[in-house]
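Both counts, for ligands and for their atoms, begin at 1 and track the order of listing.
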Amino acid sequence: MAQTIPSSRSCKSFKNRSMSIVLAKILLALIFLLSISKGSDGQFEDYCIADEQASEYDLLGAMNWACSNGANCTAIQESQPCYLPNTPKDHASYAFNSYYQNMKHQGGGCYFTATAVLTGADPSHDSCKFEYIP
Ligand SMILES: *[C@@H]1O[C@H](CO)[C@@H](O)[C@H](O)[C@H]1NC(C)=O
């Protein structure tokens, strides 16, 4: 570092550039770590919902699996608060989130054969409350 190199100018600008690349990489790594740790500290809420791209057939299959493997699907039954709108996407979203919140601390994920995605936006509507467990 203390060495003086005659043409230190080009060397310095090269150093600055590689330094900012390093800083950018550190920043990206931090953003990545923050995005995967959200929810675990209760600071960011995360909900598991149906992927817009998933087919209704796949959503119904995954929803049935979720409802018999840890999700509480009472709220999407007829006359319950999350029955309407009665669509595969809405019912699957409720079931996926219920499963995810109940199981996330025991290794349960938000995957459902690629029919589910995580979101930071609370999907609750009217009297239909999507649960969030820190
Ligand atoms: C399932 O959810 C309903 C409300 O939607 C609640 O009344 C019931 O106690 C829940 N059951 C379990 C086992 O948590």
K.L.:
Would you check, one step at a time, whether the test side chain to side chain donor-acceptor pair (under 3.5 Å) holds for Asn72 with Tyr99?
P.N.:
CA-CA 7 Å; Asn72 178 352; Tyr99 172 88; over 6 Å; no
K.L.:
Of the options Tyr47, Phe130, Tyr83, which is the one that meets Tyr94 in a ring pair (Phe, Tyr, Trp, His ring centres under 6.0 Å)?
P.N.:
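Exactly one option meets the ring pair (Phe, Tyr, Trp, His ring centres under 6.0 Å) with Tyr94, and it is Phe130.
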K.L.:
I'd like the residue list for ligand 1, meaning every protein residue with a non-hydrogen atom under 4.0 Å from the ligand.
P.N.:
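Asn72, Thr74, Ala75.
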K.L.:
Should we say atom CD of Glu78 is surrounded by more than 12 heavy atoms from elsewhere, each under 6.0 Å from it?
P.N.:
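Result for CD/Glu78: open.
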K.L.:
Sequence neighbours left out, what pairs pass salt bridge (Lys or Arg N to Asp or Glu O under 4.0 Å) with at least one residue falling in residues 49-71?
P.N.:
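As it turns out, the salt bridge (Lys or Arg N to Asp or Glu O under 4.0 Å) pairs with a partner in residues 49-71, which skip direct neighbours, are Glu52-Lys89.
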K.L.:
Looking only at side-chain N and O atoms, does Tyr100 offer a donor or acceptor that is under 3.5 Å from a partner on Asn97?
P.N.:
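Side-chain D/A pair, Asn97 to Tyr100: absent.
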K.L.:
May I ask you to check whether Asp90 and Ser93 show a side-chain donor-acceptor distance below 3.5 Å?
P.N.:
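Side-chain D/A pair, Asp90 to Ser93: absent.
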